[in-house]
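Worksheet: the structure to be examined is printed underneath.
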Amino acid sequence: MINPYVETQTKLSMAVLLVLDASKDPVRHDRIAQLTGTADGSRRKVALYDAIWEWERRGVVRRVDNPGDIDTLRDPLWTVTPVGELRTKQYRRELSKRFQDNAGPCDRTLERPRPKTIINAPDPASAKQLVFHFHDIAWFATWTVGERLLTVYNEEGAIVDLYGWSRAESAPTAFNASAAAELFGPLADVTYNDSVYPRAEEPLLTPVWCGQCGCAHYYARPDRDFGCGKCGGSTDPVIDLVLEDGQTWAVDAEGRLYGSAATNPRLP
(Lines give C-alpha, C1' and ligand atoms only; values in the text may rest on other atoms or scores of the structure.)
Protein backbone atom coordinates (compact mmCIF):
# COMPACT_ATOMS: atom_id res chain seq x y z
CA MET A 1 0.00 0.00 0.00
CA ILE A 2 1.32 3.43 -0.93
CA ASN A 3 1.82 5.82 1.95
CA PRO A 4 -0.14 8.97 0.92
CA TYR A 5 2.40 11.28 2.61
CA VAL A 6 5.32 9.59 0.82
CA GLU A 7 3.49 9.84 -2.50
CA THR A 8 2.73 13.52 -1.90
CA GLN A 9 6.28 14.21 -0.77
CA THR A 10 7.68 12.51 -3.88
CA LYS A 11 5.40 14.63 -6.08
CA LEU A 12 6.55 17.79 -4.27
CA SER A 13 10.20 16.77 -4.66
CA MET A 14 9.78 16.39 -8.40
CA ALA A 15 7.87 19.68 -8.59
CA VAL A 16 10.89 21.40 -7.05
CA LEU A 17 13.13 19.95 -9.76
CA LEU A 18 10.70 20.93 -12.51
CA VAL A 19 10.66 24.53 -11.28
CA LEU A 20 14.46 24.76 -11.11
CA ASP A 21 15.06 22.92 -14.38
CA ALA A 22 12.67 25.25 -16.20
CA SER A 23 14.42 28.44 -15.07
CA LYS A 24 17.59 29.80 -16.65
CA ASP A 25 18.34 31.72 -13.46
CA PRO A 26 18.52 30.58 -9.81
CA VAL A 27 15.13 30.63 -8.08
CA ARG A 28 14.33 32.06 -4.64
CA HIS A 29 13.01 29.67 -2.01
CA ASP A 30 9.84 31.74 -1.59
CA ARG A 31 9.24 31.66 -5.34
CA ILE A 32 9.58 27.86 -5.34
CA ALA A 33 7.02 27.74 -2.54
CA GLN A 34 4.62 29.91 -4.53
CA LEU A 35 4.96 27.84 -7.70
CA THR A 36 4.56 24.50 -5.87
CA GLY A 37 1.65 25.60 -3.69
CA THR A 38 3.56 25.30 -0.40
CA ALA A 39 3.70 28.97 0.61
CA ASP A 40 0.86 28.64 3.14
CA GLY A 41 0.57 26.26 6.09
CA SER A 42 3.31 25.09 8.44
CA ARG A 43 3.08 21.46 7.28
CA ARG A 44 3.54 22.43 3.64
CA LYS A 45 6.44 24.73 4.41
CA VAL A 46 8.22 21.99 6.35
CA ALA A 47 7.61 19.52 3.51
CA LEU A 48 9.23 21.94 1.05
CA TYR A 49 12.26 22.43 3.29
CA ASP A 50 12.61 18.66 3.62
CA ALA A 51 12.35 18.14 -0.13
CA ILE A 52 14.99 20.75 -0.97
CA TRP A 53 17.32 19.64 1.81
CA GLU A 54 17.17 16.02 0.60
CA TRP A 55 17.92 17.05 -2.98
CA GLU A 56 20.84 19.19 -1.78
CA ARG A 57 22.20 16.30 0.28
CA ARG A 58 22.12 14.07 -2.81
CA GLY A 59 23.78 16.68 -5.04
CA VAL A 60 20.68 17.21 -7.16
CA VAL A 61 20.23 20.91 -6.34
CA ARG A 62 22.64 23.46 -4.90
CA ARG A 63 22.41 26.75 -3.11
CA VAL A 64 23.72 29.75 -5.07
CA ASP A 65 25.78 32.28 -3.15
CA ASN A 66 25.15 35.90 -3.99
CA PRO A 67 27.63 38.14 -2.10
CA GLY A 68 26.05 41.34 -0.85
CA ASP A 69 22.50 39.97 -1.08
CA ILE A 70 21.12 40.31 2.45
CA ASP A 71 18.01 38.32 1.53
CA THR A 72 20.00 35.16 0.78
CA LEU A 73 19.95 33.96 4.39
CA ARG A 74 16.18 34.31 4.69
CA ASP A 75 15.27 33.48 1.11
CA PRO A 76 18.12 31.47 -0.48
CA LEU A 77 18.67 31.01 -4.19
CA TRP A 78 18.56 27.49 -5.63
CA THR A 79 19.49 25.93 -8.95
CA VAL A 80 19.53 22.44 -10.35
CA THR A 81 22.83 20.55 -10.89
CA PRO A 82 23.67 18.40 -13.94
CA VAL A 83 22.56 15.39 -11.87
CA GLY A 84 19.26 17.16 -11.25
CA GLU A 85 18.83 17.89 -14.95
CA LEU A 86 19.17 14.19 -15.72
CA ARG A 87 16.72 13.24 -12.93
CA THR A 88 14.16 15.74 -14.21
CA LYS A 89 14.53 14.42 -17.76
CA GLN A 90 13.98 10.90 -16.44
CA TYR A 91 10.85 12.02 -14.58
CA ARG A 92 9.34 13.48 -17.74
CA ARG A 93 9.95 10.13 -19.43
CA GLU A 94 8.23 8.38 -16.52
CA LEU A 95 5.17 10.61 -16.96
CA SER A 96 5.04 9.80 -20.67
CA LYS A 97 5.33 6.07 -19.98
CA ARG A 98 2.56 6.28 -17.37
CA PHE A 99 0.39 7.92 -20.03
CA GLN A 100 1.23 5.24 -22.60
CA ASP A 101 0.48 2.47 -20.08
CA ASN A 102 -2.89 4.06 -19.20
CA ALA A 103 -1.82 4.33 -15.55
CA GLY A 104 -3.68 7.02 -13.63
CA PRO A 105 -7.03 8.03 -12.15
CA CYS A 106 -8.85 8.03 -15.52
CA ASP A 107 -9.34 5.16 -17.94
CA ARG A 108 -8.13 6.51 -21.27
CA THR A 109 -9.52 3.55 -23.21
CA LEU A 110 -13.07 4.88 -22.78
CA GLU A 111 -14.56 6.70 -25.75
CA ARG A 112 -15.05 10.40 -25.03
CA PRO A 113 -15.91 13.44 -27.17
CA ARG A 114 -13.00 15.36 -28.60
CA PRO A 115 -11.94 18.31 -26.42
CA LYS A 116 -13.99 21.44 -27.09
CA THR A 117 -12.13 24.62 -27.99
CA ILE A 118 -13.34 27.81 -26.29
CA ILE A 119 -11.98 31.18 -27.38
CA ASN A 120 -12.12 33.95 -24.75
CA ALA A 121 -9.68 36.16 -26.65
CA PRO A 122 -9.77 38.15 -29.92
CA ASP A 123 -8.18 35.10 -31.55
CA PRO A 124 -6.17 32.04 -30.38
CA ALA A 125 -2.87 33.61 -31.42
CA SER A 126 -3.39 36.56 -29.06
CA ALA A 127 -4.38 34.46 -26.04
CA LYS A 128 -2.30 34.97 -22.91
CA GLN A 129 -3.12 31.65 -21.28
CA LEU A 130 -4.60 28.24 -22.05
CA VAL A 131 -6.86 26.56 -19.47
CA PHE A 132 -7.51 22.82 -19.64
CA HIS A 133 -10.44 20.99 -18.02
CA PHE A 134 -10.58 17.21 -17.72
CA HIS A 135 -13.12 14.42 -18.00
CA ASP A 136 -14.00 12.57 -14.75
CA ILE A 137 -11.99 14.86 -12.42
CA ALA A 138 -12.80 18.41 -11.29
CA TRP A 139 -9.22 19.61 -11.72
CA PHE A 140 -7.98 22.09 -14.27
CA ALA A 141 -4.56 23.07 -15.61
CA THR A 142 -3.15 26.34 -16.88
CA TRP A 143 -0.27 27.23 -19.16
CA THR A 144 0.70 30.87 -19.62
CA VAL A 145 2.13 31.67 -23.04
CA GLY A 146 5.90 32.10 -22.88
CA GLU A 147 6.35 30.18 -19.62
CA ARG A 148 7.87 26.76 -19.08
CA LEU A 149 5.54 25.44 -16.39
CA LEU A 150 2.06 23.96 -16.66
CA THR A 151 0.21 24.07 -13.32
CA VAL A 152 -2.54 21.68 -12.24
CA TYR A 153 -5.13 22.88 -9.70
CA ASN A 154 -7.88 21.10 -7.80
CA GLU A 155 -11.47 22.30 -7.67
CA GLU A 156 -10.61 24.71 -4.83
CA GLY A 157 -7.83 26.37 -6.79
CA ALA A 158 -4.96 24.75 -4.84
CA ILE A 159 -1.89 23.59 -6.77
CA VAL A 160 -1.70 19.78 -6.90
CA ASP A 161 0.82 19.06 -9.66
CA LEU A 162 3.21 20.56 -12.20
CA TYR A 163 4.75 19.83 -15.54
CA GLY A 164 7.84 21.67 -16.71
CA TRP A 165 9.87 22.03 -19.87
CA SER A 166 13.64 22.15 -19.61
CA ARG A 167 15.40 25.48 -20.05
CA ALA A 168 17.57 23.72 -22.64
CA GLU A 169 14.56 23.04 -24.87
CA SER A 170 12.76 25.35 -27.26
CA ALA A 171 9.95 27.40 -25.75
CA PRO A 172 6.76 25.30 -25.49
CA THR A 173 3.85 25.95 -27.82
CA ALA A 174 0.09 25.56 -27.37
CA PHE A 175 0.44 22.10 -28.93
CA ASN A 176 3.12 21.16 -26.38
CA ALA A 177 0.95 22.48 -23.55
CA SER A 178 -2.05 20.41 -24.68
CA ALA A 179 0.10 17.28 -24.86
CA ALA A 180 1.46 17.97 -21.36
CA ALA A 181 -2.02 18.57 -19.93
CA GLU A 182 -3.16 15.27 -21.44
CA LEU A 183 -0.65 13.50 -19.16
CA PHE A 184 -2.88 14.36 -16.17
CA GLY A 185 -6.18 13.19 -17.62
CA PRO A 186 -8.40 13.10 -20.72
CA LEU A 187 -9.14 16.65 -21.84
CA ALA A 188 -12.73 17.87 -21.90
CA ASP A 189 -12.04 21.37 -23.21
CA VAL A 190 -9.27 23.85 -23.94
CA THR A 191 -9.95 27.54 -23.31
CA TYR A 192 -7.88 30.34 -24.85
CA ASN A 193 -8.06 33.24 -22.39
CA ASP A 194 -7.14 36.88 -22.78
CA SER A 195 -6.40 37.03 -19.03
CA VAL A 196 -4.07 35.09 -16.76
CA TYR A 197 -5.01 32.94 -13.78
CA PRO A 198 -4.03 33.54 -11.04
CA ARG A 199 -4.12 37.34 -11.20
CA ALA A 200 -1.14 38.57 -9.24
CA GLU A 201 -2.74 41.90 -8.41
CA GLU A 202 -5.65 40.35 -6.49
CA PRO A 203 -5.46 38.22 -3.32
CA LEU A 204 -6.35 34.53 -3.52
CA LEU A 205 -8.04 33.18 -0.43
CA THR A 206 -7.06 29.55 0.00
CA PRO A 207 -8.33 27.23 2.76
CA VAL A 208 -6.10 27.09 5.83
CA TRP A 209 -5.10 23.50 6.61
CA CYS A 210 -4.80 22.13 10.12
CA GLY A 211 -1.26 22.57 11.41
CA GLN A 212 -1.59 19.47 13.63
CA CYS A 213 -2.87 16.71 11.34
CA GLY A 214 -2.51 18.44 7.96
CA CYS A 215 -5.52 16.47 6.67
CA ALA A 216 -8.45 18.92 6.88
CA HIS A 217 -9.37 22.61 6.89
CA TYR A 218 -10.16 24.88 9.81
CA TYR A 219 -13.77 25.90 10.46
CA ALA A 220 -15.32 28.55 12.72
CA ARG A 221 -16.60 27.25 16.08
CA PRO A 222 -19.18 28.65 18.52
CA ASP A 223 -16.40 29.64 20.94
CA ARG A 224 -15.13 32.11 18.28
CA ASP A 225 -12.05 30.00 17.63
CA PHE A 226 -11.30 27.84 14.58
CA GLY A 227 -11.09 24.06 14.74
CA CYS A 228 -9.98 21.25 12.46
CA GLY A 229 -12.82 19.41 10.75
CA LYS A 230 -11.03 16.07 11.25
CA CYS A 231 -8.86 15.96 14.38
CA GLY A 232 -10.63 18.76 16.30
CA GLY A 233 -7.40 20.68 16.89
CA SER A 234 -7.52 24.44 17.32
CA THR A 235 -5.67 27.08 15.35
CA ASP A 236 -2.30 28.18 16.63
CA PRO A 237 -2.21 32.02 16.42
CA VAL A 238 1.58 31.95 16.21
CA ILE A 239 1.70 29.56 13.24
CA ASP A 240 -1.66 29.64 11.48
CA LEU A 241 -2.88 33.21 11.85
CA VAL A 242 0.21 35.35 11.30
CA LEU A 243 -0.52 38.21 8.90
CA GLU A 244 2.22 39.63 6.74
CA ASP A 245 2.13 42.71 4.52
CA GLY A 246 -0.69 42.47 2.01
CA GLN A 247 -2.28 39.36 3.57
CA THR A 248 -5.92 38.93 4.54
CA TRP A 249 -8.00 36.30 6.32
CA ALA A 250 -11.66 35.50 5.66
CA VAL A 251 -14.41 32.99 6.43
CA ASP A 252 -16.83 31.64 3.83
CA ALA A 253 -20.54 30.87 4.22
CA GLU A 254 -19.75 27.40 5.59
CA GLY A 255 -17.44 28.82 8.25
CA ARG A 256 -14.23 27.64 6.57
CA LEU A 257 -11.14 29.75 7.30
CA TYR A 258 -9.22 31.16 4.36
CA GLY A 259 -5.82 32.83 4.16
CA SER A 260 -4.44 34.91 1.33
CA ALA A 261 -1.83 34.48 -1.34
CA ALA A 262 -1.04 36.82 -4.22
CA THR A 263 -3.53 35.30 -6.65
CA ASN A 264 -7.18 35.43 -7.69
CA PRO A 265 -9.74 33.09 -6.06
CA ARG A 266 -12.04 32.94 -9.07
CA LEU A 267 -11.53 29.71 -10.97
CA PRO A 268 -11.28 29.89 -14.76
When you measure from the side chain of R167 to the backbone of S23, do you find a donor-acceptor pair of N or O atoms at a distance under 3.5 Å? yes
Should V46 and W53 be regarded as members of a common hydrophobic cluster, given that ILVMFWY residues are connected when their side-chain heavy atoms come within less than 4.5 Å of each other, either directly or indirectly? no
Look at the side-chain heavy atoms of Ile, Leu, Val, Met, Phe, Trp and Tyr, link any pair under 4.5 Å apart, and say whether Y219 and F226 land in one connected group. no
In the structure I gave you, are the side-chain heavy atoms of Q129 and V145 within less than 4.5 Å of one another anywhere? no
When you compare the side chain of L20 with that of W78, does any pair of heavy atoms fall below 4.5 Å? yes
Give the minimum heavy-atom separation between A141 and L150, together with the two atoms involved. CB-CD2, 3.8 Å
Could you tell me which residues satisfy side-chain hydrogen bond (donor to acceptor under 3.5 Å, both in side chains) with E56, sequence neighbours excluded, listed by chain and number? none
Evaluate N193 against L130 for side chain to side chain contact (heavy atoms under 4.5 Å, CB included), listing each step before the verdict. CA-CA 6 Å; N193 279 341; L130 272 63; over 6 Å; no
Any donor-acceptor pair under 3.5 Å linking the side chain of R148 with the backbone of E169? yes
Could you tell me which residues satisfy salt bridge (Lys or Arg N to Asp or Glu O under 4.0 Å) with R114, sequence neighbours excluded, listed by chain and number? none
Considering non-hydrogen atoms only, spot the tightest contact between T72 and V64 and give its length. CG2-O, 4.4 Å
From the list I159, L149, T151, V19, side chain to side chain contact (heavy atoms under 4.5 Å, CB included) partner of T36 resolves to V19
Over all heavy atoms of both residues, which pair between P124 and I119 is shortest? Give the atoms and the distance, please. CG-CD1, 3.7 Å
For the backbone of D21 and the side chain of E85, can you confirm whether one donor and one acceptor N or O come within less than 3.5 Å of each other? no
Step by step, would you call L18 with T88 a side chain to side chain contact (heavy atoms under 4.5 Å, CB included)? CA-CA 6 Å; L18 290 169; T88 312; 3.6 Å; yes
Under 3.5 Å, side chain of R92 to main-chain N/O of G164, donor-acceptor pair present? yes
Contacts of F132 that satisfy ring pair (Phe, Tyr, Trp, His ring centres under 6.0 Å) - sequence neighbours left out: none
Donor-acceptor under 3.5 Å (T81 side chain, V60 main chain): yes
Which atoms form the tightest heavy-atom contact between R63 and P76, and what is the distance? NH1-CB, 3.2 Å
Mind checking whether H29 and Y49 have side chains closer than 4.5 Å, heavy atoms only? yes
Report the C-alpha separation of I32 and V16 in whole Å, then their side-chain angles, then the decisive distance to 0.1 Å, and conclude whether the side chain to side chain contact (heavy atoms under 4.5 Å, CB included) test is met. CA-CA 7 Å; I32 298 173; V16 170; 4.2 Å; yes
Salt bridge (Lys or Arg N to Asp or Glu O under 4.0 Å) against R93, all qualifying residues, sequence neighbours excluded: none
Does the distance from a Lys or Arg side-chain N to an Asp or Glu carboxylate O, for R74 and D30, drop under 4.0 Å? yes
Side-chain touch D189/T117, heavy atoms, less than 4.5 angstrom: no
Is the shortest heavy-atom distance from the side chain of Y163 to the side chain of P172 under 4.5 Å? no
Give me the atom names and distance for the closest heavy-atom approach of W143 to T173. CH2-C, 3.7 Å
So, taking the atom named CD in E182 and the one named CZ in F99, what distance separates them when rounded to the nearest 0.5 Å? 5.0 Å
Nearest heavy-atom neighbours spanning A174 and Y192: CB-OH, 4.4 Å
Could you tell me if the side chain of T38 sits less than 4.5 Å from the side chain of K45, heavy atoms only? no
For the residue pair H133 and F140, does the interplanar ring angle fall in the parallel (under 30°), tilted (30 to 60°) or perpendicular (over 60°) class? tilted
After noting the C-alpha distance and the side-chain angles of F134 and L187, does the key distance pass the side chain to side chain contact (heavy atoms under 4.5 Å, CB included) rule? CA-CA 4 Å; F134 303 95; L187 296 181; 3.6 Å; yes
When rounded to the nearest 0.5 Å, the distance separating CG of D75 from CG of L77 is 7.5 Å
Partner set under side-chain contact (heavy atoms from CB on, under 4.5 Å) for R87, not counting sequence neighbours: M14, L17, W55, Q90, Y91, E94
Measuring only between side-chain heavy atoms, which start at C-beta, is R62 closer than 4.5 Å to T79? yes
With P122, which residues qualify under side-chain contact (heavy atoms from CB on, under 4.5 Å), at least two apart? S126, D194
